[in-house]
Trainee: 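One structure, pasted below without further comment.
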Amino acid sequence: MKKLADLTPNASGVISAINGDNRFVNRVTAIGLTPGSRVTVIKNDQNRPLLVYSRDTMIALNRTECKGIEVEEESSGGAR
Amino acid sequence: MSEKNETVIALLGQPNSGKSTLFNALTGLKQHVGNWPGKTVEKREGYFEHGGQKYKVVDLPGSYSLSASSDEEIITRDYIAGGLADVVCILADSSQLERSLYMLADYVGINVPCFLLLNMCDVAEEQGQKIAIAALEEKLAIPAVLFSAPEAKNYGAFYGALARAVSEKKRLDASALDKKYSEIAAYGKIKALLPADLMPGFSPVWLAAKAVEGDGPVCAKIRAALAAAGEEETRQAFEAAMASVSGTTAEHRGVLLTGARKFAWIDDLLRDTVTKPAQEHALSKSDRLFTHRIWGKPAVIITVLLGLIASFIPALPFMALGMGLGALNAPVRELLTGAGCPLLLTSLISDVFIRSLGFIVQMLGFVFGVTLVFGLLEEIGIMARISYVFDNTMSKLGLQGKSVMPFLVSFGCTMGGAAGTRVIDNWGQKVLTIALAWAVPCGATWAVVPMLATVWFGAGAPLVIAAILAIMILHMWLTSKIFGRLLVKPADRQGMIMELPPYHKPKWAALFRYVLGRTKDTFFRVLRVVLLVAFLFWLLSFSASGRIEDSLLYIVGTAIEPFTKLFGLSWQTFMAFVASSIGKEGAIGVLSTIFSGSGAVNFGTVMGETANAANLNELLLASVGKPEALAFILAVTFNMPCIVALAATYQETHSAKWTAIIAAYYTVGALILACIAYHIGLLLW
C-alpha cells in the first residue's frame, strides 16, 4: 500500500483507501476517484498539485489533500 | 409552472459541463443576476421564447454532486425539491461520460421530471466515440440528446427533448441503481423504515442513499421524524444501520459504498451504448508547457498578458467614447449658462453627471475586454491550467489559483480586476480576491505616483517605487490574514481537486452575447453608485462664490487639520488624499489648484481635468516637506483605487456591507501607512 502522491510519473495503481472528512470524500468521489478505480500519475512535481488520469479525465489534486488517498501500485507496463 | 405561465427549466451540471455556455446561448441578453435568498451564492436567471411558449431558465450553482457539503449544493437540492422547476436539464460532458454522468447518478431517485443533455458531442466525435443515444434513452426512461453548442442544428434537437420532457413529465428510472444500492445492507434497512413523505420531491431510494452517505440534512430529518413518531425500536434500528456505515474503511464508509455503486451503474449504462477507441492520456504539447515546473508560470503570465493586450482593441472605442463624452462638458456648460440656468444646476449636470458618465464609459472598455478574455480562457480550458500552476502560491493567501488573474489585471485597472473575479466560483474567495486586488497599484497610480516621487526625491524616486511594491506584497499578505478567516471558511480552504478539461473551441456568438450582457449590467449598476458618491463629493466641494474657502471641504479640512497632522498631512494634502479616493489623477489636480490659488476645487479638478499650474513642481517643493510628501504618496497609492472600482466591487460581491468594509479598511490603512512613513521620514530628513 502506497500513498497516491508517492507514485512516480507514469506509474499506475488501484485506489485502495480514501481517508478524510465527508466533504473531502464526497468531492473526490464526485470527480471519479473511488476505491477500486484505476489511476495513472501524469505529473508529480514538488510545489504543484498532483496530476493524475482516471475515468477518461485529467485531474489535478492538491498535495496536502490527497494524502488520504492510498493505492495498490501496479507493476510497470500494466497499461490497459 | 410559474405564475406568469412560463415553463421553468433548471440547468444542473458539474463545472466544465458547458452549463454557462448553454445558459448564455439560450437566454442571450435576457438575463438577471442576483443572489440566492439569504446566501452569498450568485443566482442567474434568464428567459427565452420558443414556439410561442415562454421559458424561464435557472442556472443552478456549479457543484460536483448533490451532497450537502457546500452552500451551492444545498441551494441546488432545495431548489429542485422545492418544485419550482417544471423540468431539470442535466448536463454531462460527452467526451468524459464515465466521470461526468456522476451528477445524473446522484440525481437518481429525485421525483422531478428531467432530461439528459450530452454536451460537447463534437469533441467526443473527434475522439472516435460512438454514442447510441436511443439505447441510452431507453435505459434511462427520460429524453436524452446529443448536443454541441456552436451548431445551430443542435438547438432543434434540444428544443425537441425539452418539449418531450415537459409534456411527458418522465422521471429517471431508479430501479437499476436501487438494485445496486441494495447490496449495501444498511441501505435496505434504512429504506424500509423511512417515514412516508419525509421530504417532498425525494424518493425513498434517494433519501436512503443519502442517509447511508451520512448526509447531514437528510439524517437530521429522519431522526426528527422518528423521534416525533415515538417508535423507539425503529429509531434504534436506524442508528444501528447508520453505525454500520460510519466507519473509515472502504467497506464501512457510506459515501464510498454508494459512490462505488453509482459508478458501477454508470458503467452498466455505458457498456452497450458507447463505443470508443482506447484513450490517449499523454499530455498535449501545450499542456506540457503549461504544467512545466519552471516554464509553467511564465507561460501562463505571458498568455494572460497577451490576452489583455488583445483586449485593449475592443476597449479602445469605449475610451474614445468616454473622452468624447468628457469633451461635451464645456459646450454643455456654456449652453446651460447661456440659457440662464442656475449655477448650482449647471455645475451638477456638468460636474457630476457628464463627467461621471465619461469616466465610467472609459473604464467600461476594461470590463468588456477583461470579461471577453477571461471568458475565452475559461471556455478554451486554459483557466483550469492557470489554477493548476498557481494553486500552491495562491492557497497560501487562502485563494484559488485563478485569483492570480484579477491581480494581474489590477495593475492596469482595478475595475477590470474586480470584473475578472467572476471566474472564482466561491463567494468568500471572490471577495477576498477583490480586497487584495485593491492593494495592487493601478494604471492611474502609475501615472501619478512616479511623477510625484520625482518632484521630491529626484534620483531617489525608484527607491520609492520599490518600497511601494514591497508594501503591496506585505499589504496583500496582511489583508489576507485579516479578512481571510472571516471570508473563507476552513472547509472552503481545501486545495484544488478539479479536472483539467480537454481543450474546446470557443463558442464566439454565445460568448459575445454574454460579454455584452455583462458589460451592460455593470454599466447600470456602477452608474448608480458612482453618481451617488460623485454627488456627495460635489456637495462637499461646491462653492457658490467660486472661492475655495467657501466650500464645505475647506471648512471640514481645516477644522480637522490637527487630527490629520498625526498622519503627517496638512489640510491641503489631506484634501488631495480625499480626492484620490474618487480617482487618483484628482490628487494632483487638487494640489495644483490649492497651491497656485487658481480658483475653486470643483469636481472637475478632482477628476483631473484641470490643467495643472505650470510651476507646479516648485510650488509643491516649496509648500510640502519630504516627510509629508512620502506620507502623501503612500496614502494616495494605497487608498481606495477610485469610485468606479468601488462600484464594481459592489457589483461583483452583491454586498454593500463588504464593499463598505473594504473601502473603510483601505482608507484607514492608507492613513496608518502615511503616519508610519511620516515618522520614519522625520527621522531621516
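We name chains A, B, ... by the order of the sequence lines, and we start the count at 1 in each one.
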Trainee: With a 4.5 angstrom heavy-atom cut-off, is it the side chain or the backbone of Thr40(A) that approaches chain B, or both, or neither?
Mentor: side chain

Trainee: Relative to chain A, which segment of Ser70(B) carries a heavy atom at a distance below 4.5 Å: side chain, backbone, both, or neither?
Mentor: both

Trainee: How about Glu125(B): does its CD atom have over 12 heavy atoms from other parts shown lying under 6.0 Å from it?
Mentor: no

Trainee: What residue in Cys66(A), Pro35(A), Pro49(A) has the most heavy-atom pairs under 4.5 Å with chain B?
Mentor: Pro49(A)

Trainee: Just how far is it from atom OG1 of Thr29(A) to atom CD of Glu213(B), taken to the nearest 0.5 Å?
Mentor: 8.0 Å

Trainee: Shorter than 4.5 Å, heavy atoms on both sides: which option in Ala30(A), Gly32(A), Ser16(A), Gly36(A) has the most such pairs with chain B?
Mentor: Ala30(A)

Trainee: Do you know which of Gln96(B), Arg99(B), Glu499(B) has the most heavy-atom pairs with chain A at a distance under 4.5 angstrom?
Mentor: Arg99(B)

Trainee: Is it the backbone or the side chain of Ala17(A) that comes under 4.5 Å from a heavy atom of chain B, or both, or neither?
Mentor: neither

Trainee: Using a 4.5 angstrom heavy-atom cutoff, name the option from Asp106(B), Thr249(B), Val389(B), Thr258(B) with the most pairs to chain A.
Mentor: Val389(B)

Trainee: Do the non-hydrogen side-chain atoms of Arg253(B) and Val25(A) ever get within less than 4.5 Å of each other?
Mentor: yes

Trainee: Quick check for you: among Leu33(A), Val28(A), Leu61(A), which has the greatest number of heavy-atom pairs under 4.5 Å with chain B?
Mentor: Leu61(A)

Trainee: With the side chain counted from C-beta on, respond yes when Tyr388(B) and Lys43(A) share a heavy-atom pair under 4.5 Å apart, and no when they do not.
Mentor: yes

Trainee: Given that the side chain runs from C-beta out, which part of Tyr64(B) has a heavy atom under 4.5 Å from chain A: side chain, backbone, both or neither?
Mentor: both

Trainee: Find the distance between CG (Asp93(B)) and CG (Asp56(A)) and round it off to the nearest 0.5 Å.
Mentor: 9.5 Å

Trainee: Considering all heavy atoms of both residues, which atom of Ile497(B) and which atom of Arg27(A) are nearest to each other, and what is their separation?
Mentor: O-NH2, 2.9 Å

Trainee: Any idea which of Ile18(A), Leu50(A), Ile59(A), Ile31(A) has the most non-hydrogen atom pairs under 4.5 angstrom with chain B?
Mentor: Ile31(A)

Trainee: Are the side chains of Leu283(B) and Met58(A) in touch, meaning some heavy atoms are under 4.5 Å apart?
Mentor: yes

Trainee: Show the numbers, then the answer: is there a side chain to side chain contact (heavy atoms under 4.5 Å, CB included) between Thr291(B) and Leu51(A)?
Mentor: CA-CA 9 Å; Thr291(B) 62; Leu51(A) 261 194; 3.9 Å; yes

Trainee: Could you tell me which portion of Lys276(B) (side chain, backbone, both or neither) has an atom closer than 4.5 angstrom to a non-hydrogen atom of chain A?
Mentor: side chain

Trainee: Measure the spacing between CE of Met496(B) and CD of Glu65(A) and express it to the nearest 0.5 Å.
Mentor: 12.0 Å

Trainee: If I compare all heavy atoms of Thr34(A) with all of Ala260(B), which pair ends up nearest, and what's the gap?
Mentor: CG2-N, 4.3 Å

Trainee: Please look at Thr64(A) and chain B and tell me whether the side chain, the backbone, both or neither of the residue comes under 4.5 angstrom of a heavy atom of that chain.
Mentor: neither

Trainee: Please find the pair of heavy atoms, one from Glu98(B) and one from Arg55(A), that lie closest to each other, and give the distance.
Mentor: OE1-CG, 3.5 Å

Trainee: Counting neighbours of NZ on Lys2(A) that are heavy atoms of other residues, nucleotides or ligands and sit closer than 6.0 Å, is the number greater than 12?
Mentor: yes

Trainee: Check whether any side-chain heavy atom of Val255(B) sits under 4.5 Å from a side-chain heavy atom of Asn22(A), and report yes or no.
Mentor: yes

Trainee: Counting only heavy atoms closer than 4.5 Å, note whether Asp267(B) contacts chain A via side chain, backbone, both or neither.
Mentor: side chain

Trainee: Rounded to the nearest 0.5 Å, what separates atom OG1 in Thr248(B) from atom CG in Asn19(A)?
Mentor: 6.5 Å

Trainee: Heavy-atom cut-off 4.5 Å, strictly under: side chain, backbone, both or neither for Gln14(B) against chain A?
Mentor: side chain

